Amino acid sequence: FSKNTVINEEIIEEIEEILIQADMGFDTVTSVIQKIERSLTKNEKKDVSFIYDAIKNELKNFLSNDTLQPQPEDKDEKNLKIILVVGVNGTGKTTSIAKIANRYLSEGKKVILAACDTFRGAAIEQLEVWAQRSGAYLVKHQHGADAAAVAYDAVEAALARNADYLIIDTAGRLHTNKNLMEELKKIKRIVQKKIINAPHEILMVLDAVTGQNAVPQVKTFNEALSLTGLILTKLDGTAKGGVVIRIQNEFNIPVKYIGIGEQIDDILPFNANDFIDALFE
Amino acid sequence: SLSGKLCKIFRNLKGYGRLSESNIKEAMREIKLALLEADVNYRVVKDFVAAVKSKAVGKDVIDSITPGQQVVKIVHDELVNLMGGTPEPVELKKYNNRLMLVGLQGSGKTTTAAKLASYYRKKGHNPLLVGLDVQRPAAIDQLVFLAKQLDIPVFYDKKEKNVVDIAKRSLIEMQRCKATICIFDTAGRLHIDQQLMDELADLKQVICPQDILFVADAMTGQDAVTSIKEFNEKLSVTGVAVTKLDGDARGGAALSIKATTGCPIRFVGLGEKISDFDVFYPDRMASRILG
Ligand SMILES: Nc1nc2c(ncn2[C@@H]2O[C@H](COP(=O)(O)OP(=O)(O)OP(=O)(O)O)[C@@H](O)[C@H]2O)c(=O)[nH]1
Ligand SMILES: Nc1nc2c(ncn2[C@@H]2O[C@H](COP(=O)(O)OP(=O)(O)OP(=O)(O)O)[C@@H](O)[C@H]2O)c(=O)[nH]1
Ligand SMILES: [Mg+2]
Ligand SMILES: [Mg+2]
């Protein structure tokens, strides 16, 4: 009976290897393969390229539903929009902020940056270089200052200057550090108090080389802050970032941007089709 | 945890006498799942499970422990063995030690450079830090900040774009300030960036380091093998430092790196402070990966 034939074991292993090595995670890979297996006819199951296309389409439909509007812009025209950028250490937050700021600036928008990483050595200096290069205005205090206080000042400055966007850079932190997660909640509260509906975007930055640990990372940050999207960086490397499929499945948080290099232009809005095709390259 | 699952699988095995192919099958599947979830490389997992299976099949069920515990022990011992057995301490010479840090962007090189300087100073060495990242904004400022915090000398040149030049001059400085170990921090780079990988090879030629440490992020997934292979082939990596182990990443990348290249894991990063640093203990890592 057509539905009972199983896909050739060798093909399953081949697909499993590709998708697991893309960091999609064993459970997610298995459930996608099983779903396709149930939906194909006996003859289709013998056609390798048909199987691959079926899997690709399944993944594309899955990711596209919630990311049909990849632009994070739903702001009312005249008002300030605040974007809070968070994530674990070294993922590319500061660099991604520079890239996003640059995009808005090239659209003629007024952008303010807030240096709320007051902890790491030369974090403020690093953002300062990017502010100078892009033309964004930087709000900063001294090293060691209270991050929430810097955020508060930045909102005031953004309002006073009639800015279109305020992007807040925060220190990298592991999701397992409760105190640091509390600090982020405090920054969010401070901003919320000043402006209704703010922060309008809370974007978590994920390094494409990250494996399954991305899941507990996103889970914790999401529970603390209610993330609105992800930025997947370093896709110019060989890592595929397939774990975002599992993340979409479990938390319904879409990837909004991808980072594809270290220069200010190296950013693109997320495109599900390109992303899924790249998994198989 | 994997140990819990394995013990459950073999719970009914008492009195069967031997661990056979069939009752081992379920256990092997659990091990495969646990290691993949821990981000151990797909191929490494395959080889590992095959190795454990061959050690487990046909084994007599010892009276004193349950079959589940027996399989757990085989898995644990195999992991520790793969990780490098007992920790081997790094022996430095009295003088003229040169250690180069390399790796992908954001893995923790600059922070680890400062940690190593502090570590070796505690061991009686006179360290000199060298800033060879001339591309990342404020990279030199970051290293200078850390060096100042530790009151350790740092050599850099903010106006020079030629890193090989800076490296050459730092060796002169090393002589001048009588440093016994020179720790070189380099810019993060992709293993597929031909030009930047060539730059590392050029730096290696000029510096002649006894140690080239690849700094790897503990949360790295399947890509760990791809990057280390490239760095190792280009430079002959002598050791690995795994960072951000203060999180809950299981760190399977460490096993993948060691199993694929044989590069010994030397150090671990356990936080952002200079003191959050230790030598690598294979058995601790094995327990962590097992979950
Ligand atoms: N190749 C590549 N490198 C990137 C990308 N995004 C960031 N980087 C590099 O990754 C490194 C870390 O970037 P940062 O922006 O400092 O990361 P961060 O998250 O702000 O780091 P912390 O503030 O220390 O937590 C830098 O060397 C960046 O140049 C990317 O898309 N591709
Ligand atoms: N929690 C934790 N954070 C770490 C550890 N090691 C480094 N970091 C943090 O990770 C981030 C990146 O560290 P860096 O030392 O700047 O990394 P890098 O490899 O020099 O980065 P590039 O020079 O851009 O390639 C910083 O926020 C560090 O404080 C660690 O062991 N634990
Ligand atoms: Mg930063
Ligand atoms: Mg660095």
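From a predicted model like this one, the values you see are computed outputs, not experimental measurements.
In this structure, chain B has no heavy atom under 4.5 Å from any part of A:Glu128. Proximity to chain A (any heavy atom under 4.5 Å) is shown, for B:Asp193, by neither the backbone nor the side chain. Residue B:Lys148 does not touch chain A at all, counting heavy-atom pairs closer than 4.5 Å. In this structure, chain B has no heavy atom under 4.5 Å from any part of A:Gln132. Within the 4.5 angstrom heavy-atom criterion, atoms from both the backbone and the side chain of B:Thr220 approach chain A. Looking at A:Val88, the atoms closer than 4.5 Å to chain B (heavy atoms on both sides) all sit in the side chain, from C-beta outward.
Closest non-hydrogen pair, B:Lys244 versus A:Leu174, comes out as O-CD1, 4.3 Å. Contact record, B:Tyr42 with A:Glu16: OH-OE1, 2.8 Å, taken as the closest heavy-atom pair. For A:Gln21 against B:Gln222, the heavy-atom pair with the smallest separation is O-CB, 3.3 Å. In this structure, B:Ile192 and A:Asp236 approach most closely via the heavy-atom pair CD1-O, 3.4 Å. Considering all non-hydrogen atoms of both residues, A:Thr238 and B:His191 come closest at OG1-NE2, 2.8 Å. The shortest non-hydrogen separation linking B:Asp39 to A:Gly211 is OD1-CA, 3.4 Å.
Within 6.0 Å of the NZ atom in B:Lys234, the count of heavy atoms belonging to other residues, nucleotides or ligands exceeds 12. Few gaps surround CZ on B:Arg121; more than 12 heavy atoms of other groups in view lie less than 6.0 Å from it. Within a 6.0 Å radius of NZ in A:Lys56, more than 12 heavy atoms belonging to other residues, nucleotides or ligands are found. Annotation for B:Tyr120: atom OH counts as buried by contact number, over 12 foreign heavy atoms lying within 6.0 Å. Annotation for A:Lys140: atom NZ does not count as buried by contact number, only 12 or fewer foreign heavy atoms lying within 6.0 Å. The environment of CZ in B:Arg29 is sparse: at most 12 heavy-atom neighbours from other residues, nucleotides or ligands sit within 6.0 Å.
Side-chain contact check for A:Asn213 and B:Asp248: at least one donor-acceptor pair (N or O, by modelled atom type) lies under 3.5 Å. Between the side chains of B:Gln105 and A:Glu262, at least one donor N or O lies within less than 3.5 Å of an accepting N or O.
Taking CG of B:Asp217 as the reference point, atom OG1 of A:Thr91 lies at 9.5 Å (rounded to 0.5 Å). The CG atom of B:Asp223 sits 7.5 Å away from the CG atom of A:Asp23 when rounded to the nearest 0.5 Å. Interatomic distance, CG of A:Asn177 versus CD of B:Glu272, reported as 8.5 Å (0.5 Å rounding). From B:Leu36, atom CG reaches atom CZ of A:Phe26 across 7.0 Å, with rounding to the nearest 0.5 Å. Of the inter-residue distances, the one linking B:Asp246 atom CG with A:Thr176 atom OG1 reads 6.5 Å to the nearest 0.5 angstrom.
Ranked by heavy-atom pairs under 4.5 Å with chain A, the list B:Ser107, B:Gly106, B:Ala249, B:Pro137 is led by B:Pro137.
Taking the side chain as every heavy atom from C-beta outward, A:Val209 and B:Leu104 approach each other to under 4.5 Å. With a 4.5 Å cut-off on side-chain heavy atoms, A:Arg120 and B:Gln142 count as touching.
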**OP:** Check the pair B:Lys158 / A:Glu125 against salt bridge (Lys or Arg N to Asp or Glu O under 4.0 Å), numbers first and verdict last.
**Re:** CA-CA 14 Å; B:Lys158 282 195 184 175; A:Glu125 286 81 342; over 6 Å; no

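Look at A:Glu17 and B:Lys46 and you find no salt bridge, because none of the NZ, NE, NH1 or NH2 atoms lies under 4.0 Å from a carboxylate O.
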